[in-house]
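Read the structure below first, then the notes.
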Amino acid sequence: MINRFKKIIFFGLILIVIHAIIFLIFDFDSYFVFALLSILVYAIYISDEIKKVDRMKLELDLIKQRESDRLLKERIEKQGRLLKLYRKRLDQLYAEVAEKSKKEEKKVEIPAKYIGSNEHRKYHKENCRFGKRIKQKEKIFSEDIGFFKKKRFKACKVCMKKS
Ligand SMILES: [Zn+2]
């Protein structure tokens, strides 16, 4: 772009020199006509150069824009791929967690027809509402009623009475 302005100035200087020569050699009338013509030519030349500069700027902007668009597209695609990977991994983790909790559920389902309380030294049927109230850390589970009898736990008067 700077080169173009240099060119414009250089062309202008050449014109001035030509003007000087013609002014010195020819009479005033022919110089006047020449001067008008040269001003016209110079004006056209300059406007043309300025247009070129503008066009170049525009093209440059367009190229830059395309490049940044391309980069953006690449980044989006990359992130899309990453997202797919993450989603896949997440699905795997969910599946693992689901399987684990299933296994744990099974473990919980297996045990204990009876629940004992260390605190009150009583035992209940699993579904007894009093048994369910026992603090988690005081709970003892067993399938064998003899287990509690050996420990000299007392039978719950509500749930053990029925059977
Ligand atoms: Zn009970």
Side-chain angles (χ1 to χ4, degrees), residues 1-15 39-163:
M1 220 196 300
I2 295 161
N3 273 340
R4 284 191 186 283
F5 285 118
K6 269 186 190 164
K7 244 167 91 184
I8 288 168
I9 290 164
F10 182 67
F11 191 57
L13 284 174
I14 286 175
L15 264 179
I39 285 167
L40 201 71
V41 168
Y42 195 56
I44 290 167
Y45 170 72
I46 285 175
S47 71
D48 212 46
E49 285 294 316
I50 287 168
K51 265 186 212 158
K52 268 188 205 162
V53 167
D54 283 350
R55 213 179 304 139
M56 266 176 61
K57 256 191 196 164
L58 245 137
E59 272 168 19
L60 221 73
D61 283 352
L62 212 72
I63 288 168
K64 270 187 199 162
Q65 188 61 46
R66 270 191 208 136
E67 180 64 13
S68 72
D69 282 356
R70 197 179 59 78
L71 284 174
L72 200 72
K73 210 174 146 193
E74 256 176 28
R75 249 166 66 187
I76 289 169
E77 276 169 8
K78 213 175 176 182
Q79 276 171 352
R81 280 199 297 272
L82 265 176
L83 212 66
K84 262 186 197 167
L85 275 175
Y86 283 140
R87 203 172 285 164
K88 217 173 165 185
R89 183 75 191 117
L90 211 64
D91 284 346
Q92 267 178 12
L93 283 174
Y94 273 134
E96 276 171 29
V97 168
E99 212 172 299
K100 240 186 200 171
S101 63
K102 237 186 197 175
K103 272 182 194 167
E104 269 163 24
E105 262 172 38
K106 271 182 196 166
K107 264 186 214 161
V108 174
E109 273 168 23
I110 295 167
K113 285 178 192 163
Y114 304 102
I115 305 169
S117 161
N118 259 330
E119 193 182 7
H120 301 295
R121 301 188 65 76
K122 276 186 179 178
Y123 64 93
H124 306 261
K125 282 186 178 174
E126 198 177 20
N127 56 359
C128 174
R129 62 198 160 102
F130 296 108
K132 279 172 188 165
R133 275 192 214 162
I134 299 167
K135 287 175 199 157
Q136 203 61 39
K137 61 173 180 178
E138 307 289 353
K139 271 183 186 171
I140 314 170
F141 298 95
S142 179
E143 284 179 84
D144 180 16
I145 201 165
F147 170 81
F148 293 111
K149 282 180 176 167
K150 261 184 215 166
K151 281 181 165 252
R152 300 187 171 222
F153 276 33
K154 285 177 188 166
C156 167
K157 279 171 191 169
V158 180
C159 62
M160 298 308 290
K161 215 178 181 180
K162 285 176 197 165
S163 60

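The first residue in the sequence is number 1, and the count goes up from there. In this text, all values refer to a predicted model and were calculated from it rather than measured experimentally. Just follow the structure's listing: the first ligand is 1, and inside any ligand the first atom is 1.
- Side-chain contact between F11 and I46 is absent, with no heavy-atom pair separated by less than 4.5 Å.
- For R75, there are no side-chain contact (heavy atoms from CB on, under 4.5 Å) partners two or more places apart in sequence or in a different chain.
- For a distance threshold of 2.8 Å, the protein N, O or S atoms nearer than that to the Zn ion (ligand 1), listed by chain and number, are H124 ND1, C128 SG, C156 SG, C159 SG.
- Remark: Y42 OH is packed, more than 12 non-hydrogen atoms of other residues, nucleotides or ligands lying under 6.0 Å away.
- Between E74 and K78, none of the side-chain N atoms (NZ, or NE/NH1/NH2) sits under 4.0 Å from a carboxylate O, so this pair counts as no salt bridge.
- The pair E99-K102 does not meet the salt-bridge criterion, since no charged nitrogen lies less than 4.0 angstrom from a carboxylate oxygen.
- With respect to E67 and K64, no salt bridge is recorded, no charged nitrogen being found less than 4.0 Å from a carboxylate O.
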